[in-house]
*Asks:* 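Starting off with a structure, shown below.
Residues: numbered from 1 along the sequence shown. Values below: all heavy atoms of this structure, side chains included; hydrogens, waters and symmetry mates excluded.
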Amino acid sequence: MDQSDSIKVTINGADFQVAKGARLIDVCRDNRFDIPSFCYYADLALQASCRMCLVRIEKMPKLQTSCTIICTDGMVVTTQSEEIQKAQRSMLEFLLANHPLDCPVCDRGGECELQEQTFDWGNLEERFTEQKNYHPEKYLSPMVANDPQRCILCKRCTRVCDEWMGEQAIEAGNRGAHTVIGTYGGWLNCSQCGNCIEVCPTGTLLDGTYRHQARPWELNQNVSTCNFCSDGCQLSIGSRGTEVLRVVARDRYVNGLNGEFLCIKGRFGHPFIDHSERIRTPLIRHQKGGKLIPATWDEALSFAVRRLSEIKQTHGANSIGVLGSPRLTNEALYSLRKLATEAIGTENYGISDAFSLKPFFDNLGGPLATHRDIRYAKTIVLIGGEPEELQPLTGKQIRQAVRNGGAQLILINSVRIRLREQASQFIHLRPGSEDAAVLALANASDELLASRKMDVDAAEIEAARKAITDTQGDVIIMFGAELSGASQAVVAQMPYTLGGEDRRVLLHPLPLYNNSVGALDMMRDGKEGVELLRSESLRAMILAGTPLTNVAGDAGLIPNCEFIVLSELFLTAAGEYADVVFPAASYAEVDGTFTNNDGFVQRVRKAIEPLHQSKADWLIAAQLARELGVDFGFEMSASAVFREIGERVPSYSGLRYPLLKDESNPVQVKHAIAAQRELSNDFSTIRAAVEAMDETANKEQLTPEVGHELFKLGTLTEKVPQFHLLAAGNPKPESVLVSPLYQITVDGKLGKRAVA
């Protein structure tokens, strides 16, 4: 910190140099002076309602709330004294005036901030003898349960709902002592992220799927990485025995790039792990059209290897294809590549992703933007994509960058996505004309052609370009699946073409799956999944995970092969054609790594033992290779696989598991930065495609409903009952009350009236 940017503050007699503009409560906590608070929450709008963070500041007549004070030079602060303690005790007593003393049955018991603060003080008086305000427990949605009387009106939930999610689905109703947190119409219609549950300091909002199943101290907590979208949120898997009971992002367990944020899938999508339909044992189909018969691992491996060897001997190694899923760990994908190249000797291997980012990474002209970069960017350009549905953490960072950081958002999209409410400029183009927008931004001479095809005014493109080139600070350029390979290459070179002396251009692709970036890193020289699936020369396929529907295009492509080996969690459509099925372990049952859209390599840690006879995909590939005569030497250790990745994959050079142990300081992959190159050929390719675009297509005028992508049932989420309700439109039940429970309060008669 530069001396000119710092000021002196004295806290409890000790001097500290702190940054100008620093908030007093943060300064105190950073210097290990404990300041209690409930309503204060970093990076949220101030509330200053709980009055717990009181301090004495010299020359000020009354105690002050430290969350509202900005430090000034020479400020003298006292955080601990008899006067302060008496005031804080009184505030705590006031907060408990209507709060039921039901800690023994409250799900939050053991991790409730109010409970912890009360225990810290001890010997609190209960002078409030009047009848407490009482409201019955109820469900606000299939995911969120609510006990209104536990609420202390800190309004963290309402601010998170507004500032993080932009939804305002939860708000405070009524006035004064009758104020309650509630929803419009009594039912919660939002993206069901559950972040209101996460930040609630009491047991007012609870996980409706986990409620009354366990107590916090019964759970083993294992920090891991989410296996849904490409944001790579850090989470803590709470398990008891062999069962996963809940997933949280609470920073007491993990302090990752997402803080306390998780989306609905990350928080509530875990029940697939223990689902009764999981494949529990290897299966063999001895003849086409026959049934899959349970077998031992030795029988299934021998059967698969014998048939693969026969096909290789008859038709050659290249008649066998190996196809991986972007949902698998880097270790699994690397092992599959070794299986293909070293054990089988085929050139036909690849990834079945929704779209390939190879043209982007081959032309990468600058670093990848992290989620923190997005949060503090000056300008954000989003071309295509819908991060609020497909990469929710990215969507949240964009909203906070605009709302809390004053960033300008330039939105270029054919759909009126909800982020346009935060946009400083929304360029609404025809469906399928996103490439034209890239051409116009990168090459001004094509502006008129592109604007005509997009059906927008050329001045809008000019304004967007000017906003970018006028920016002083970071410009983040994001793009979704709509861009062609040529356009991806042009975007990847924009740090050269749009950067400047006071302007840094960072890039942030929006792949759809948790390990799309890692899959490309592990199989950089592999083929696209659709190319393999449509190959008529393949006689056998080894599938690790079911090929994505939008890649296969036609499920009928799969049975073209005479022999199919599949490793999966469930018997999906691919299982109907498979000759051998290996039970694969879920992300909660394996060790490994995922690489997210920041380029961060993050650990996946085993929380429970693999279900029945399932095994990690990397282990299945290694065992197949060994049966084929090649021993990878991994010695049953995922760390050995990753050590080899660090030795052989250039962008992962030198990485080891010990370097990835700190989730608060993730490691970014060293993707090679390509030199600036001539783009005229790319412009010609894009220009030809733009000239062929339809000029009569109508623009989409509807704004998609919240959850139209989040709530879609997939292979994993269809195993979660609550997702079926949400996919069906989140219907409000006739009665939203839960079964009445006795509320343990100081007034015994109150509980009886509640039951009645």
Side-chain angles (χ1 to χ4, degrees), residues 139-146 156-171 181-199 205 207-209 226 228-231 233 249 258 260-269 382 384-403 409 411 413-423 426 428 431 478 480-481 510 512 700-714 716-718 720-733 736:
Y139 274 101
L140 297 180
S141 78
M143 307 299 191
V144 183
N146 177 220
R156 286 187 190 177
C157 54
T158 64
R159 286 176 285 159
V160 161
C161 193
D162 179 15
E163 297 177 33
W164 286 11
M165 307 308 295
E167 292 175 345
Q168 299 178 322
I170 294 183
E171 255 306 342
I181 299 297
T183 62
Y184 299 101
W187 194 237
L188 194 57
N189 279 308
C190 61
S191 56
Q192 306 289 329
C193 62
N195 289 306
C196 52
I197 299 170
E198 195 79 74
V199 300
L205 297 172
D207 181 342
T209 66
C226 183
F228 284 99
C229 82
S230 62
D231 278 334
C233 289
N258 49 306
E260 294 189 297
F261 174 89
L262 280 180
C263 75
I264 179 174
K265 289 181 179 176
R267 188 183 311 280
F268 301 112
L382 174 59
E386 192 175 6
E388 65 268 50
E389 293 279 325
L390 300 171
Q391 297 87 13
L393 174 62
T394 300
K396 176 249 184 188
Q397 296 299 82
I398 295 173
R399 277 189 292 270
Q400 282 209 284
V402 173
R403 177 171 181 135
L409 170 63
L411 192 62
N413 209 305
S414 61
V415 181
R416 298 170 65 83
I417 62 176
R418 285 177 288 128
L419 272 176
R420 80 178 194 286
E421 295 171 5
Q422 279 78 41
F426 174 41
H428 189 198
M478 302 181 186
L510 297 171
L512 295 183
E700 180 59 61
Q701 299 297 334
L702 297 177
T703 299
E705 292 183 356
V706 175
H708 70 104
E709 289 288 348
L710 268 174
F711 302 160
K712 273 185 180 175
L713 296 177
L716 304 182
T717 53
E718 74 170 358
V720 185
Q722 288 82 0
F723 272 81
H724 288 264
L725 291 171
L726 297 172
N730 190 18
K732 181 180 177 181
V736 297

*Asks:* Do S191 and V706 come within less than 4.5 Å of each other through their side chains, counting heavy atoms only?
*Replies:* yes

*Asks:* Among C229, P392, C226, C233, which residue meets the side-chain contact (heavy atoms from CB on, under 4.5 Å) test with C263?
*Replies:* P392

*Asks:* Do E198 side-chain atoms and A249 backbone N/O form a donor-acceptor pair below 3.5 Å?
*Replies:* yes

*Asks:* Is it true that a side-chain atom of R267 and a backbone atom of C193 form a donor plus acceptor pair closer than 3.5 Å?
*Replies:* yes

*Asks:* Rounded to the nearest 0.5 Å, how far apart are CZ of F723 and CG of L710?
*Replies:*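 The distance works out to 7.5 Å.
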
*Asks:* Can a donor-acceptor pair be found, under 3.5 Å and without considering hydrogens, that links the side chain of Q422 to the backbone of L409?
*Replies:* no

*Asks:* Taking all non-hydrogen atoms of both residues into account, name the closest pair between F426 and N413 and its distance.
*Replies:* CE1-O, 3.8 Å

*Asks:* Could you state the interatomic distance from NE2 (H428) to CG (L411), rounded to the nearest 0.5 Å?
*Replies:* 9.5 Å

*Asks:* Sub-3.5 Å donor-acceptor pair from the side chain of T717 to the main-chain atoms of G269, do we have one?
*Replies:* no

*Asks:* Could you please spell out the steps behind the side chain to side chain contact (heavy atoms under 4.5 Å, CB included) verdict for D231 and F261?
*Replies:* CA-CA 11 Å; D231 278 334; F261 174 89; 5.8 Å; no

*Asks:* If you measure from CG on N189 to OG1 on T183, what distance do you get to the nearest 0.5 Å?
*Replies:* 8.5 Å

*Asks:* Of the non-hydrogen atoms in Y184 and Q168, which two are nearest, and what is the gap between them?
*Replies:* CE1-O, 3.2 Å

*Asks:* Who passes salt bridge (Lys or Arg N to Asp or Glu O under 4.0 Å) against R399, sequence neighbours left out?
*Replies:*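 Here no residue qualifies.
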
*Asks:* CD of E709 to CG of L512: how many Å apart, nearest 0.5 Å?
*Replies:*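 So the CD of E709 and the CG of L512 are separated by 8.5 Å.
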
*Asks:* Any carboxylate oxygen within less than 4.0 angstrom of a Lys/Arg side-chain nitrogen, looking at R403 and D162?
*Replies:* yes

*Asks:* Output the distance between atom CD1 (I398) and atom CE (M478), rounded to the nearest 0.5 Å.
*Replies:*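 Result: 3.5 Å between the selected atoms.
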
*Asks:* Taking the side chain as every heavy atom from C-beta outward, state whether I417 and L382 have any pair of such atoms under 4.5 Å apart.
*Replies:* yes

*Asks:* How long is the span from the CE atom in M143 to the SG atom in C190, to the nearest 0.5 Å?
*Replies:* 10.0 Å

*Asks:* Which heavy-atom pair separates I170 from C161 by the least distance, and what is that distance?
*Replies:* N-SG, 3.7 Å

*Asks:* Which atom pair, heavy atoms only, marks the closest approach of L419 to G395?
*Replies:* CD2-O, 4.3 Å

*Asks:* With sequence neighbours excluded, tell me which residues meet side chain to side chain donor-acceptor pair (under 3.5 Å) with K265.
*Replies:*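 Testing K265 for side chain to side chain donor-acceptor pair (under 3.5 Å), a comparison that skips the adjacent residues, returns none.
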
